[in-house]
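Right, one structure below, let's go through it.
Residue numbers begin at 1 in each chain, while the letters A, B, ... track the order of the sequences. Reckoned from all heavy atoms, side chains included, excluding hydrogens, waters and symmetry mates.
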2 protein chains.
Amino acid sequence: MTTDCQDCPLRNRDIFNPMSKEELTFTQGFKTGELVVDPGTTILLEGSNSPQVYTVLKGMGTRYTTLENGRRQVINFIFPGDFIGLQAGLMGEMKHSVEATTSMTLCVFRRSEIFRLFEQYPARAYDLTWIAAVEEHFLGETIASLGQRDASQRIAWALVRIYLRLRAVGLEEGHTVPLAYRQQDLADALGLSLVHTNKRLKALRDAGLADWQNGLLSITDLDTLAERALIDLEKPERRPLI
Amino acid sequence: MTTDCQDCPLRNRDIFNPMSKEELTFTQGFKTGELVVDPGTTILLEGSNSPQVYTVLKGMGTRYTTLENGRRQVINFIFPGDFIGLQAGLMGEMKHSVEATTSMTLCVFRRSEIFRLFEQYPARAYDLTWIAAVEEHFLGETIASLGQRDASQRIAWALVRIYLRLRAVGLEEGHTVPLAYRQQDLADALGLSLVHTNKRLKALRDAGLADWQNGLLSITDLDTLAERALIDLEKPERRPLI
DNA sequence: CGTTCCATTGACCGAAATCAAGTCCTGTGG
DNA sequence: CCACAGGACTTGATTTCGGTCAATGGAACG
């Protein structure tokens, strides 16, 4: 009882490039199944060699690495529409772990099919590279945040980005989106301590800009928040969905 | 009087995947020329739409973005063998700028050829995606550095990575490599102030671990430095060179 | 009801930023 | 040939942002 690519609830969101009927048919053929995991499950493990790659259909997770000193860096949050496992798919070994935060549903693709895809469906291979380029761009933005924004700006930046991303996949309801992470996860993503993260979040709440509590993020004043975050609110560019 | 791909001085370095004679012939055909630029030249400009993509043959540069508040983040340093411009190549617009620090020589490829490459040379297209995945991995490491390492660790980390990378392309001579950046560039890469960067560099010099002066980086004690940097010295993985 | 996990808040401390000179070097023009 | 101006690098003094420590509260759970 898996979801047909034709009926994919993400597909028609306008952050994703549209696909023709036959393209969808192919993607459907590329898909080998669906994986449903419970919160807390490790989907991909750093250093391992996953035989599968995935597209997130539902739910949220974190992508992280752990340093020698035991500290954890959340590289990014994983949302519906994200493609995961490309590194292992091409390079042979995961350089980070991916863990489910909420329950998640993933479309499963066989890793061994990737090369076939390059040989037979150049347009889809092109999409894959495009996805990697988009990811690269986001990571570059994150680097700029960690390097050049102070704690308040970083938090504002993260909340705005998350909010826009979730809104783009249709999870918004009256300026609020579901966001089931712990404050510790955000702290680990931004290179801040839990305590300080907590204090800055409170400040944003008190300022009436954003309120993240009980797994719900409400953006009260997007424009001001974006301004504080040094974010230029432009229309989000489209990207492929596989 | 351009360099033939067959005679490419980088090609046989063992961080790069080997290529057969016919593969080389194709790459040669994909190459449309060579570009030589002076220090200080902006090769790619954020927001612009370059008709070309490049592989660095010689010289060094920086890839950076500028935030709304005027602060500059160096996303990474560009070394021989790096492929640049992929984002513009696929997504249509550069998300960062690339500037030459030393004089540089670049292999030039026509951006419009990229799609043809996907259609006709899947193996090369695969390489391109691989390159993007490798890049993604490095950016993830950088994020972990900015987020979880303190100033001394960050600097040690950067110096080790740079040293290994330059050594891998044959620029090492007796534990020292040429490195013509300013301290400000390193500071902007690591999210540190110039002053503090200077002080930590001095500390490393005094500790007899690494000495970066007058455009030359000498790693006196790689093992200890790597340990301080929380780096696991493993053999560097190979990657494709286009 | 303990236990555990997460959020919250206050007190204190320290790493790194900022501020402020001063030193070299190199290139340039008188 | 020398004066000087601009860049990059150094170094010390001071400030501050954010980390660490410590304690408390609340909710979920067995």
Side-chain angles (χ1 to χ4, degrees), chain A residues 38-40 62 67 69-74 99 101-103 145-159 179-207 210-218 228, chain B residues 38-40 60 62 67 69-74 99 101-102 145-159 178-207 210-218 228 230:
Chain A
D38 286 333
T62 54
L67 300 219
N69 60 3
R71 298 178 59 119
R72 178 181 78 138
Q73 174 69 41
V74 170
E99 186 178 309
T101 299
T102 67
S103 150
S145 267
L146 298 194
Q148 309 301 337
R149 280 182 246 252
D150 67 25
S152 306
Q153 293 170 336
R154 273 185 234 183
I155 294 198
W157 172 82
L159 295 185
L179 193 69
Y181 300 99
R182 293 166 303 149
Q183 292 184 355
Q184 183 71 62
D185 295 321
L186 184 61
D188 287 347
L190 299 179
L192 298 171
S193 71
L194 169 62
V195 173
H196 201 61
T197 301
N198 180 291
K199 287 173 179 168
R200 302 330 296 168
L201 280 171
K202 175 176 161 53
L204 287 180
R205 209 180 306 134
D206 291 348
D211 186 346
W212 177 33
Q213 273 176 323
N214 306 315
L216 291 177
L217 168 66
S218 301
R228 288 220 187 167
Chain B
D38 287 331
M60 305 182 193
T62 53
L67 300 219
N69 59 3
R71 298 177 59 116
R72 179 181 78 138
Q73 174 68 42
V74 170
E99 186 178 309
T101 299
T102 67
S145 267
L146 298 195
Q148 309 302 335
R149 280 183 246 252
D150 67 26
S152 307
Q153 294 170 337
R154 273 184 234 182
I155 292 198
W157 171 82
L159 295 185
L179 193 69
Y181 300 99
R182 293 166 304 150
Q183 293 184 354
Q184 183 71 63
D185 295 322
L186 183 61
D188 287 347
L190 299 178
L192 298 171
S193 72
L194 168 62
V195 172
H196 200 59
T197 301
N198 179 291
K199 286 173 180 168
R200 302 330 296 166
L201 280 170
K202 174 174 162 54
L204 288 179
R205 208 179 307 135
D206 291 348
D211 187 346
W212 177 34
Q213 273 175 325
N214 305 315
L216 292 177
L217 168 66
S218 301
R228 288 222 188 164
L230 305 176

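The overall bend of the helix from C/dC1-D/dG30 to C/dG30-D/dC1, read as the angle between its terminal helix axes built from five base pairs each, is 30° when rounded to 10 degrees.
At distances below 3.5 Å, not a single donor-acceptor pair connects side-chain atoms of A/Asn214 with backbone N or O atoms of A/Leu216. The backbone N or O of B/Met60 lies less than 3.5 Å from a partner atom in the side chain of B/Thr102, making a donor-acceptor pair. Side-chain atoms of B/Arg200 do not come within 3.5 Å of backbone N or O of B/Ser152 as any donor-acceptor pair. With hydrogens and angles disregarded, a donor-acceptor distance shorter than 3.5 Å links the side chain of B/Asp185 to the backbone of B/Arg182. A donor-acceptor distance shorter than 3.5 angstrom exists from the side chain of A/Gln73 to the backbone of A/Asp188, with no hydrogens or angles considered. Of the possible polar contacts, one joining the B/Trp212 side chain to the B/Leu179 backbone as a donor-acceptor pair under 3.5 Å is found.
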### Query
If the sugar-phosphate is the primed atoms plus P, OP1 and OP2 and the base is the rest, what is the B/S/- string for nucleotides 17-30 of chain D, using protein heavy atoms under 4.0 Å?
-BSBB---------

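Here A/Asp211 pairs with A/Arg205 under the salt bridge (charged side-chain N to carboxylate O under 4.0 Å, His left out) rule; sequence neighbours left out. With sequence neighbours excluded, the residues forming a salt bridge (charged side-chain N to carboxylate O under 4.0 Å, His left out) with A/Asp206 are A/Lys202, listed by chain and number.
Going from atom CG of B/Asp206 over to atom C1' of D/dT11 covers 12 Å, rounded to whole Å. D/dG7 atom C1' lies 12 Å from atom CD of B/Gln183, rounded to whole Å.
The span of DNA chain C lying next to chain A, judged by atoms under 4.0 Å from heavy atoms, is bounded 5' to 3' by C/dC6 to C/dA11.
Residues in residues 178-205 of chain B take part in these ring-ring contact (aromatic ring centres under 6.0 Å, His included) pairs, two or more places apart or across chains: B/Phe77-B/Tyr181.
Between B/Asn198 and D/dT10 there is a side-chain polar atom (N or O) within less than 4.0 angstrom of OP1 or OP2.
Heavy atoms only, all atoms of each residue included: B/Leu230 and B/Gln153 are closest at CD1-NE2, 3.9 Å.
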